4 protein chains.
Amino acid sequence: MSSTEKRLSAPEKAAARRAQVLAAAAECFSRSGFHGASMAEISKAAGMSAGHIYNYFDGKDAIIEAFVAANVERVSAIMRDLAQHKDPVQAMIDNAEETVVEHLQPNFYVMPLEIAAEASRNPKIAQALQAADISSRTQFRVLVQRARELHQLPVDDDTLDLCVETMIAFFHGLPMRALHHPNLNQAALVKGMRIAMRAIMLG
Amino acid sequence: MSSTEKRLSAPEKAAARRAQVLAAAAECFSRSGFHGASMAEISKAAGMSAGHIYNYFDGKDAIIEAFVAANVERVSAIMRDLAQHKDPVQAMIDNAEETVVEHLQPNFYVMPLEIAAEASRNPKIAQALQAADISSRTQFRVLVQRARELHQLPVDDDTLDLCVETMIAFFHGLPMRALHHPNLNQAALVKGMRIAMRAIMLG
Amino acid sequence: MSSTEKRLSAPEKAAARRAQVLAAAAECFSRSGFHGASMAEISKAAGMSAGHIYNYFDGKDAIIEAFVAANVERVSAIMRDLAQHKDPVQAMIDNAEETVVEHLQPNFYVMPLEIAAEASRNPKIAQALQAADISSRTQFRVLVQRARELHQLPVDDDTLDLCVETMIAFFHGLPMRALHHPNLNQAALVKGMRIAMRAIMLG
Amino acid sequence: MSSTEKRLSAPEKAAARRAQVLAAAAECFSRSGFHGASMAEISKAAGMSAGHIYNYFDGKDAIIEAFVAANVERVSAIMRDLAQHKDPVQAMIDNAEETVVEHLQPNFYVMPLEIAAEASRNPKIAQALQAADISSRTQFRVLVQRARELHQLPVDDDTLDLCVETMIAFFHGLPMRALHHPNLNQAALVKGMRIAMRAIMLG
DNA sequence: CATGAATGAGGATTCATTCAT
DNA sequence: GATGAATGAATCCTCATTCAT
């Protein structure tokens, strides 16, 4: 993190500026990709001169890194929501339709794919992704454990690993599935997800 | 086809050259990405001058397209293998470990991610992906139907959609999962996949 | 206009830069031709980096177009001068020597030839040339009419066409003549032109 | 000349090949200009491999030179025709319409303009043009002299220079005029030319 | 803080020319 | 003779980055 931030005299304004750039970057990155988006494009979207961006970020790579860091937490957000429920697994199953619909929107699935592709070549991005994944799966693990205890199911390590890895793999597949088959039978997929969730986590 | 190929008089040599370029491109693309790889890099890897490549491909985009076309059929190959078995679903379940291990190799999962990211911005690539997907899921559908008939399970359209979409989504998630958690508990994931397969396709 | 100009915030400086580029282009174009002159050559002559030129012009074609637009008005300037005289045709005849001498200078006749050659292949340039010609011959027509009325000669359309087209053809021939015979008998040509002018316009 | 030809063992076939290339070049040059036409384009038009052309010409420049040499004689051809007539000047005046019509065809006027532009930058081409001009004007001079003697008009050097230079300048202007005003009043121009011819050569 | 003019390295692409076959 | 595969230099253009103002 220290490598992607710069010390500035008016911290709160600087943070706002950084956010402004990142918001603009979101627009440009999802439209043109990390490498297709130019600093000029970003600066225009940010309503700020290209040169000025360099007062807040060390360069384009730093913007990408900061952007990824900010966008990588999405799964965690879902976890926090689920954590509210008494039976988080049941909540997941109940939310399945909503989740699928959300993932079929191009403006939802484009950025994860872009980020993944970048991560597969850029170790810094990969690290950010993996760090976020640790946090996500740790949170998820707790929720699954709670649910399984509620259902009086075993909660040994391997079983929890099984639930966590399999389920997250599933969610990770949705953006790719949407890309390959934009008009898929949504109802069928929702039904299939529910079956899988139940079988994996409550079976 | 006509847009990504060029007619040359010595067909077999020309085809060899094209293959040579595509092989070099594979190396460079997976190392640097479609946009990060320069024609100079590719030409060096192909052992041929940059200019000469243009005798075989209309430009970098044509190389990417041809490369994607050649790499997009992998799922189909898996389908063909499965089609050999009397009970293809059981064969999938039996092969689960092998499949997972394969997908955990970086040199396996990098290109699908790169291709997906490109497809999310490049309509031509998206079309290639979607066309390949039609063929894959049609093949897969047939296999699932055969297996379900064998097991005397219903084979209505929605049910087959459910099996096909959910299972493919699952497989699509593996590369992303591998990227996010390279050292995941492989045995647990295999076990989870088997549970999911059985529940979805044979439940 | 909009296609050959770019809006920049400091208008007067931008205009100066554009002029600087066009001046450099004049040098390079007349030395190497439109296609022989490279952007690197132009940028060096303009004392500015090649990349920077693209902040003022959309590309080399835009420079050529702007350059042609700026150079195509020369005939109009002559017309404006002639318009000052009470008897413009007599003024032309009086100026004949000066006109011929001017057209014999290589740095006068090179660019019109280059422009003409370009126009014969490039529709945009052809259009610019033809638009300028409309204006030139309209102005010239008025002058001839005034002179003929002064001399109490008929001013019907065909006669005015005759004067305008024939005389301009004559002037257009001078650069080519100079190119084919650089050391021609200048005095004889001047005398010939005067005879032709009188016969055509005042006959 | 010796620099644009190559000694080959079967002279007559070689000459045919050279002619074949030059004919192809005519097509390509008038379509794309000297610099816009590629060797590939020419070789295709000539029905011969690009490499093979180098057996007959030292390079593209040599083709251009040879092409210009072959195309520069057009005025001379007109002279030869005129020489047939007892009163060549009267023949010119009679032919005026035909001459104008011919010069208004784009495929007539394009090449002279291209050649002139090239000559203004390439000394070799300029020399070819000027050499051809010497021959043209010498022939023309003889014809004018004959006609003037027929009409019992003075034939001193300056007067003949006047006739020759002024008239040729006129003809040189026609292609440029056609380019600037493709739909000009042809009849008026013909009439104007006749007036000018009579005034200059028979006045 | 903020601008945007300016740079220069790097990228894709074209093309005259060569040479092994 | 004849081919066309192969080269590599040159060209136009883009873009991240810097810096004077």
Side-chain angles (χ1 to χ4, degrees), chain A residues 8-10 13-14 17 35-44 46-64, chain B residues 6 8-10 13-14 16-17 32 35-43 46-63, chain C residues 8-10 13-14 16-17 35-43 46-63, chain D residues 8-10 13-14 17 35-44 46-64:
Chain A
L8 293 171
S9 41
K13 183 158 191 189
R17 286 296 204 202
H35 293 90
S38 71
M39 287 297 287
E41 192 184 343
I42 295 171
S43 75
K44 203 161 87 175
M48 170 186 322
S49 79
H52 197 37
I53 293 185
Y54 285 80
N55 288 324
Y56 301 105
F57 293 92
D58 279 342
K60 198 182 169 186
D61 282 351
I63 299 178
I64 295 177
Chain B
K6 284 195 170 184
L8 293 174
S9 46
K13 182 152 192 189
R17 285 292 197 218
S32 321
H35 294 91
S38 72
M39 287 298 288
E41 191 185 344
I42 295 172
S43 76
M48 134 183 9
S49 77
H52 195 36
I53 293 184
Y54 287 82
N55 288 326
Y56 301 104
F57 293 92
D58 280 341
K60 198 182 169 186
D61 281 354
I63 300 178
Chain C
L8 292 175
S9 46
K13 180 150 195 190
R17 285 294 196 216
H35 293 91
S38 71
M39 287 298 290
E41 192 184 341
I42 295 171
S43 75
M48 134 182 14
S49 76
H52 194 36
I53 293 184
Y54 289 82
N55 288 326
Y56 301 105
F57 293 92
D58 279 342
K60 199 182 168 186
D61 281 353
I63 299 179
Chain D
L8 293 170
S9 40
K13 183 158 191 186
R17 285 298 203 199
H35 291 89
S38 71
M39 288 297 287
E41 192 184 343
I42 296 171
S43 74
K44 204 162 86 175
M48 169 185 323
S49 79
H52 198 35
I53 293 184
Y54 286 80
N55 289 324
Y56 303 106
F57 293 92
D58 279 343
K60 198 181 168 186
D61 282 351
I63 299 179
I64 295 177

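Here the structure is a predicted model, which is why all the values come from computation and not from measurement. Here is the naming used below: chain letters follow the sequence lines, and residue numbers restart at 1 for every chain.
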Novice: Rounded to the Å, how far apart are C:H35 NE2 and F:dA10 C1'?
Specialist: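 C:H35 atom NE2 is separated from F:dA10 atom C1' by 15 Å.
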Novice: Grab the NZ-P distance between A:K44 and F:dT14 for me, whole Å please.
Specialist: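 After rounding, the reported distance stands at 14 Å.
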Novice: In dot-bracket form, how is DNA chain E paired, counting a Watson-Crick or G-U wobble pair only if both its distances are under 3.5 Å and using | for bases paired to another strand?
Specialist: .||||||||||||||||||||
Novice: Using whole Å, what does the distance between atom P of nucleotide F:dC12 and atom CD1 of C:I42 come to?
Specialist: 8 Å
Novice: Between atom CD1 in A:I53 and atom P in E:dT3, what is the gap in whole Å?
Specialist: 10 Å
Novice: Using only side-chain N and O atoms of D:R17, determine if any of them is under 4.0 Å from OP1 or OP2 of F:dG1.
Specialist: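 Answer is no, no contact under 4.0 Å.
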Novice: Applying a 4.0 Å non-hydrogen cut-off, can you work out what C:S38 is touching in the nucleic acid: base, sugar-phosphate, or nothing?
Specialist: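 Result for C:S38 = sugar-phosphate.
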Novice: Map B:M48 and C:A37 onto DNA chain F by nearest heavy atom, then report which one ends up closer to the 5' terminus.
Specialist: B:M48
Novice: Indicate the atoms forming the closest heavy-atom contact of B:E41 with B:S32, along with that distance.
Specialist: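 Smallest interatomic distance, heavy atoms only, reads OE2-OG, 2.9 Å.
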Novice: Just to verify, what does A:A50 make a side-chain contact (heavy atoms from CB on, under 4.5 Å) with, not counting sequence neighbours?
Specialist: A:S43
Novice: Can you tell me how far apart CD1 (B:I42) and CD1 (B:I53) are? Round to the nearest 0.5 Å.
Specialist: 6.0 Å
Novice: Check the distance between E:dC15's P and D:I63's CD1 and give it to me in whole angstrom.
Specialist: 15 Å
Novice: Whole angstrom is fine here: how far is it from CD in D:E41 over to C1' in E:dT14?
Specialist: 13 Å
Novice: Nearest 0.5 Å please: distance from the CE atom of D:M39 over to the NZ atom of D:K60.
Specialist: 8.0 Å
Novice: Starting at atom OH of B:Y56, determine the distance to atom P of E:dT13, rounded to an integer number of angstrom.
Specialist: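 Distance check: B:Y56 OH to E:dT13 P gives 17 Å.
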Novice: Given F:dT7, F:dT3, E:dA6, identify the nucleotide with an atom nearest to the side chain of B:N55.
Specialist: F:dT7
Novice: To the closest 0.5 Å, what do you measure between NZ (C:K13) and OH (C:Y56)?
Specialist: 7.0 Å
Novice: Please list, pair by pair, any protein nitrogen or oxygen found under 3.5 Å from a nitrogen or oxygen in nucleotides 17-21 of chain F.
Specialist:
{"from": "F:dT17", "atom 1": "OP2", "to": "A:Y54", "atom 2": "OH", "distance (Å)": "2.9"}
{"from": "F:dT17", "atom 1": "OP2", "to": "A:K60", "atom 2": "N", "distance (Å)": "2.9"}
{"from": "F:dT17", "atom 1": "O5'", "to": "A:Y54", "atom 2": "OH", "distance (Å)": "3.4"}

